[in-house]
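Here's the structure we're looking at; comments come further down.
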Amino acid sequence: MNEHILSLINALADSHSLSLEQYAELIEARAPETAALLAQKAVAARKAIYGNDVYVRGLIEISNICKNDCLYCGIRRSNKNCDRYRLTKEQITDCAAEGYRLGFRTFVLQGGEDPYYTDNVLCDIVSELKSIYPDCAVTLSMGERSRESYELLRRSGADRYLLRHETADKAHYESLHPNDMSFENRMRCLRDLRDLGYQVGCGFMVGSPNQTSNTLAKDLKFIEGFKPDMCGIGPFVPHKDTPFRDHPPGTVELTCYLLSIIRLIHPPVLLPATTALGTIHPEGREMGIKAGANVVMPNLSPVSVRKKYELYDNKICTGEESAQCKDCLSARMESVGYHIVTSRGDVRRQK
Ligand code: SAH
């Protein structure tokens, strides 16, 4: 590794900031030794705050009905081969009950932008969950909504919200989304969520079509400024019924490299080793943890719907019961020297 790249890595670890050009250079300079040094520094930064703990979030995929038509996504509106479903309030609380029994204290409700979930319907589900499980955090990942809607949901008890920004480059954003969606609205949502007191997660896919070192540098600069509490990054994986079916998937190597950089940009960030990462490599999630991630999100959805929530091809963990999913992830984390913690796992302040 040359002196210049070494000095960039040291500057990043010390000051948690680089210029746009420097981020792009660091991405371009990818090599095994660079990745190893970044991972080593990322793991040290994470250990200082979270030790060897890996937080678990129980993911409940509540609907695959979506009014949007994102070009990369398998549950996009125009996919006629998608077998649509929506969970009832009972089914959702049953999933949470099973998760609670397994020790989970955070539930993530994720879904397509299904118009059925009006403010009334969703607020009712959130307040029901919070009244049965006051000791649990409820996280929503239900896409773009109005500020008023986010405010009502927050008042009903929602603690956190995950909304990946998808890309911090407007032209790139427009190449991944149809005309009726906008970069400005996505960013407006993130600002509103932050303002309303949610713990907020942003994030992006690695290797999405038209992504470059420059667009990635913008993602990193955005994360540096926004300082999200959570940041979901995983490889793009093509889905056979989308316009991007023939585009190659993102790589484990670049995903892990970026996980390390993001850890160094914002050490307290909660960073999942995603299901998509586990999908493109059998040990993808372990590799993510070793690069600086500290969250895993086992699936708590009813087994009967899991295959239907198919954002991309060959998604893993679609056949197992929740308990198996948790045990499998637990064993995987132990195998690399970490252990799973089922507490709420709120973001820590930087030491
Ligand atoms: N409707 C919600 C939840 C979307 S699904 C929302 O808009 O936030 C969660 C994430 O899955 C998306 O933000 C996207 O980054 C990711 N995703 C969608 N399609 C994907 C694909 N083909 N490969 C990898 N990740 C994908």
Side-chain angles (χ1 to χ4, degrees), residues 57 59-79 82 84 86 108-117 122 139-145 149-150 153 158 160-168 172-173 176-178 180-183 185-190 192-193 198 200-211 215 219 228 230-252 254-255 258 272-281 284 288 297 299 301 306 308-316:
R57 277 71 166 93
L59 181 64
I60 308 174
E61 298 155 335
I62 70 172
S63 169
N64 69 354
I65 297 170
C66 194
K67 67 175 164 63
N68 288 336
D69 218 19
C70 306
L71 278 77
Y72 45 84
C73 186
I75 64 170
R76 68 200 299 264
R77 164 183 86 215
S78 51
N79 180 8
C82 177
R84 307 284 170 174
R86 151 187 316 138
V108 182
L109 308 190
Q110 188 179 85
E113 291 193 20
D114 179 348
Y116 168 80
Y117 295 103
L122 201 52
T139 306
L140 296 175
S141 178
M142 299 294 297
E144 299 175 16
R145 303 176 74 96
S149 171
Y150 289 145
L153 290 163
R160 308 177 183 147
Y161 207 102
L162 306 177
L163 185 77
R164 289 185 175 183
H165 64 286
E166 310 296 357
T167 169
H172 184 211
Y173 187 93
L176 299 176
H177 299 95
D180 58 357
M181 291 179 74
S182 80
F183 177 67
N185 195 48
R186 199 86 182 165
M187 291 294 175
R188 186 276 302 161
C189 288
L190 284 169
D192 282 344
L193 290 163
Y198 284 91
V200 183
C202 65
F204 59 90
M205 293 177 287
V206 177
S208 62
N210 309 308
Q211 185 173 68
T215 66
D219 289 318
M230 287 107 37
C231 183
I233 75 161
F236 161 76
V237 184
H239 185 288
K240 59 184 183 321
D241 298 313
T242 64
F244 294 150
R245 62 179 68 82
D246 295 323
H247 194 277
T251 64
V252 180
L254 181 53
T255 306
L258 291 164
T274 58
T275 305
L277 191 55
T279 295
I280 61 165
H281 189 289
M297 299 173 67
N299 202 321
S301 309
R306 287 192 191 183
K308 300 180 187 172
Y309 196 79
E310 197 189 43
L311 307 179
Y312 46 82
D313 290 337
N314 307 315
K315 188 171 154 227
I316 55 168

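Whatever order the structure lists ligands and atoms in, that order sets their numbers, starting from 1.
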Item to check | Cationic N near anionic O, under 4.0 Å, Asp241 to Arg245 | outcome: no
Item to check | Charged N-O contact under 4.0 Å between Arg306 and Glu61 | outcome: no
Checklist entry - Just by modelled atom types, is the Leu254 backbone N or O under 3.5 Å from a matching donor or acceptor in the Thr251 side chain? => result yes
Would [X] count as a polar contact of ligand 1, with the cut-off being nitrogen or oxygen pairs under 3.5 Å?
X	answer
Ser141	no
Val237	yes
Tyr72	yes

Checklist entry - Does ligand 1 have an atom that lies less than 4.0 angstrom from a heavy atom of Pro235? => result yes
Checklist outcome for this item: Heavy-atom nearest pair, Pro209 first then Leu176, reads O-CD2, 3.6 Å
Next on the checklist: Tell me the closest heavy-atom pair linking Arg186 and Met181, and the distance in Å.
Outcome noted: NH1-CE, 4.3 Å
Item to check | Modelled atom types, side-chain donor and acceptor of His177 and Asn68, under 3.5 Å | outcome: no
Which residue holds the protein heavy atom closest to [atom], what is that atom called, and what is the gap in Å?
atom	result
atom 6 (C) of ligand 1	Gly143 CA, 3.6 Å
atom 15 (O) of ligand 1	Glu166 OE1, 2.7 Å
atom 2 (C) of ligand 1	Gly111 O, 3.4 Å
atom 11 (O) of ligand 1	Leu311 CD1, 3.5 Å
atom 7 (O) of ligand 1	Arg186 NH2, 3.4 Å
atom 20 (C) of ligand 1	Met205 SD, 3.7 Å
atom 9 (C) of ligand 1	Gln110 NE2, 3.7 Å

Checklist entry - With a 4.0 Å heavy-atom cut-off (strictly under), which part of His239 contacts ligand 1: side chain, backbone, both or neither? => result neither
Item to check | Qualifying residue for side-chain contact (heavy atoms from CB on, under 4.5 Å) with Leu109, from Leu140, Leu162, Leu59, Thr139 | outcome: Leu140
Next on the checklist: To the nearest 0.5 Å, what is the distance between CD on Glu113 and CG on Asp69?
Outcome noted: 12.0 Å
Considering the heavy atoms of [X], write down every atom of ligand 1 situated less than 4.0 Å from one of them.
X	answer
Cys73	19 (N)
Leu163	8 (O)
Arg164	13 (O), 14 (C), 15 (O), 16 (C)

Item to check | Any residue meeting ring-ring contact (aromatic ring centres under 6.0 Å, His included) with Tyr161, in chain and number order, not counting sequence neighbours | outcome: Tyr150, Tyr198
Item to check | Full working for salt bridge (charged side-chain N to carboxylate O under 4.0 Å, His left out) between Lys315 and Glu310 | outcome: CA-CA 7 Å; Lys315 188 171 154 227; Glu310 197 189 43; over 6 Å; no
